[in-house]
Amino acid sequence: MSKLYSDKTIFMKIGISNIILSILIFTAESSPPQDPIRCSNKTFNCTVINTYGSFPDRTICRAAEVVYPSTEAELVSIVANAALLNRKMKVATSTSHSIPKLACPDGENGLLISTKNLDQTINVAKSSMTMTVGSGMTLRELISKAAEVGLALPYAPYWWGLTVGGMLGTGAHGSSLWGLGSAVHDYVVQLRIVTPAGPEEGYAKVRILESDNPELNAAKVSLGVLGVISQVTLKLQPMFKRSITFMEKNDSSLGDQASSFGYQHEFADVSWHPSQKKVIYRVDDRVATNALGNGLNDFTGFRSTPSLVVAAVRSTEEIQESTNDANGICLNAATTIFTLKATAYGYTNDGIIFKGYPIVGYQNRLQASGSCLNGIQDALITACPWDPRVKGLFFHQTTFSIGFSKVKGFIEDVQNLVNLVPKALCGIDIYNGILMRYVKASSAHLGKQEDGIDFDITYYRSKDPNKPRLYEDILEEIEQIAMFKYGGLPHWGKNRNVAFLGAIKKYRNVTEFMKVKENYDPNGLFSSEWTDQVLGLKNGITIDKDGCALEGLCICSQDNHCAPRLGYFCRPGKIYKDARVCTLSAKR
Ligand SMILES: Cc1cc2nc3c(=O)[nH]c(=O)nc-3n(C[C@H](O)[C@H](O)[C@H](O)COP(=O)(O)OP(=O)(O)OC[C@H]3O[C@@H](n4cnc5c(N)ncnc54)[C@H](O)[C@@H]3O)c2cc1C
Ligand SMILES: *[C@@H]1O[C@H](CO)[C@@H](O)[C@H](O)[C@H]1NC(C)=O
Ligand SMILES: *[C@@H]1O[C@H](CO)[C@@H](O)[C@H](O)[C@H]1NC(C)=O
Ligand SMILES: *[C@@H]1O[C@H](CO)[C@@H](O)[C@H](O)[C@H]1NC(C)=O
């Protein structure tokens, strides 16, 4: 071990801690994320991209035009015009936080319908505790508008910068096994969606779906292929308080405890650091509203970060990756985790300072965060850590849910891989490890099929698509173990292409979904090449070309899918022999 702690690495260790500290205290001019839609001629000749500035295949998406309706009536006339012309459409949001190419319309003449101005609160019914909002409202606004009238959304994603329509589109969720579970779409009690129609109905119509309408099960997780959701009514609860404590343990019994822990605490989740063999359990429950405390969640990873600092973090990672410096990465990761822990991940007891656990506070201050959304456009002195306009974090995300009956097997497979290659998963700890969140079976046709755990793995992506990552093979093997050995369901808004291979066959009610699609949009005007591929209507989810496996665009079957010139060849997995992964090895 002592060799590991050379002068250089100690310097590095201090350096990284300072970086995280300065992230924590820096509050100067920040820039919210850029507008994902840009046009060269007012609202014509546009491009659309996700928040990371890169789709999985690194292409840029074009659209002929963008429109910004602010009322449902405008929406109807837009859809009618496009339907009359048989024009392809796509709903685009102000946030565009999905990684896959969900925002791309097909063809030369594609129309983007932005929900940016469909962000109003339309109605609050305090007696029935429901709230109706425009589909472009962000989670942040939703939480704050509900809190103004004493209401709370019980379960939600952890990041403010998503829209209601986008969360429904991709089945976004937080973590809970209580009530109807952690997915926002399972709290929808009414939804209004504008779809194309025949000439006798004026080429577009508004469909109003109530809870008892089986079509709601298609529309509440739709990948955007059914039409434009204009308004959503959500069932809320009276404002309540929570009490949060993060508890660290080793990961020896994680396989046994992961499931039962979820049933013990309403807002439980688990952050797993496999190479360090550590687990952080979130012990998080509802408490009486008179419990003392005004805690605040301002998660460190979602804060505005000085551009110089993220550039330094990224450069360090790039150097360590390109020099195969596994020890350096492990040390970095350990320091990152240590510092995050010491600073309570950005939680405070009162909005100012962390004094100790538990953190007690109101739901609207604890359920999600995203202070890097604040600020002035284009200041760029500080920004969200992944903002593509500055040199910052650039990563892949492999995110899937596995049913409880198989969770233990998956966890043990990952542990066995770590036993074989102990340093292989240090790199993911730079992104706070594997986040494990609880999800419940949903009535949505494209929602979760059974109760289980959603695993969220974030890891280094090279700016050069032909350059492998350190321990390329291990992360590829985990991806294939998750999706193919254990039948994991990919998060629709995250992941690399390979995760979607055969995914649609894992859903029981796809035919029901397809019937609704055929009925609402028979000409597929809201469908695109990507949604057709994901829904199993077209081939081409994977793209065979040199280096494709490195980017998750294919599963390798030949060496040129990896990087043979750099010593990476296509080989079977270490514990899952059906896997085919790019492995650093001597030539056969
Ligand atoms: C920093 C960060 C944190 C995240 N945290 C979480 C998390 O905690 N939990 C989680 O589950 N996910 C999380 N995600 C992923 C995220 O949930 C999805 O990518 C997401 O739902 C995208 O929302 P969006 O509003 O940006 O929609 P987009 O990505 O722009 O759109 C998604 C899809 O929905 C469709 N759509 C959007 N609005 C409508 C509408 N009104 N009518 C019809 N179709 C529509 C679009 O056409 C598209 O197909 C996170 C992502 C990031 C970048
Ligand atoms: C801008 O787009 C409109 C609509 O397509 C077109 O009529 C106009 O000529 C374009 N202007 C330029 C400068 O390209
Ligand atoms: C459309 O925009 C691209 C840049 O995105 C530009 O190169 C091209 O000239 C534009 N075309 C027209 C007709 O304006
Ligand atoms: C893990 O922690 C348990 C107690 O929680 C302890 O009994 C066990 O020995 C620990 N395992 C290792 C490998 O440290």
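In listed order, ligands and their atoms are each counted from 1. As the structure is a prediction and not an experimental result, all values here were calculated from the model.
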Relative to [atom], which among [options] owns the nearest non-hydrogen atom?
| atom | options | result |
| --- | --- | --- |
| atom 12 (N) of ligand 1 | His97, His491, Gln397 | His491 |
| atom 3 (C) of ligand 1 | Phe299, Trp160, Trp159 | Trp159 |
| atom 37 (C) of ligand 1 | Pro33, Gly165, Gly227 | Gly165 |
| atom 22 (C) of ligand 1 | Ser98, Ala183, Ser528 | Ser98 |

Legend entry - Sub-3.5 Å N/O-N/O distance, Thr47 and ligand 3: no

Does an N or O anywhere in [X] fall below 3.5 Å from an N or O of ligand 1?
| X | value |
| --- | --- |
| Gly166 | yes |
| Gly169 | no |
| Ser222 | no |

Inset, instruction - Write out the residue and atom name of the closest protein heavy atom to atom 6 (C) of ligand 2, then the distance separating them to 0.1 Å. - result: Asn41 ND2, 4.1 Å

Tell me if the aromatic rings of [X] and [Y] count as close, with their centers under 6.0 Å from one another.
| X | Y | result |
| --- | --- | --- |
| Phe400 | Tyr486 | no |
| Tyr281 | Phe261 | yes |
| Tyr347 | Phe299 | no |
| Tyr345 | Phe246 | yes |
| Trp530 | Trp492 | no |
| His491 | His173 | yes |

Legend entry - Any protein heavy atom < 4.0 Å from atom 2 (O) of ligand 2: yes

Legend entry - Closer than 4.0 Å: a protein non-hydrogen atom to atom 14 (O) of ligand 3: yes

Lys NZ or Arg CZ of [X] over [Y] ring: under 6.0 Å, within 45°:
| X | Y | result |
| --- | --- | --- |
| Arg207 | Tyr520 | yes |
| Lys88 | Phe526 | no |
| Arg282 | Tyr158 | yes |

Where ligand 1 meets [X] - atom numbers and elements under 4.0 angstrom, heavy-atom basis:
| X | result |
| --- | --- |
| Thr115 | 41 (N) |
| Gly493 | 19 (O) |
| Leu223 | 49 (O) |
| Met167 | 21 (O) |

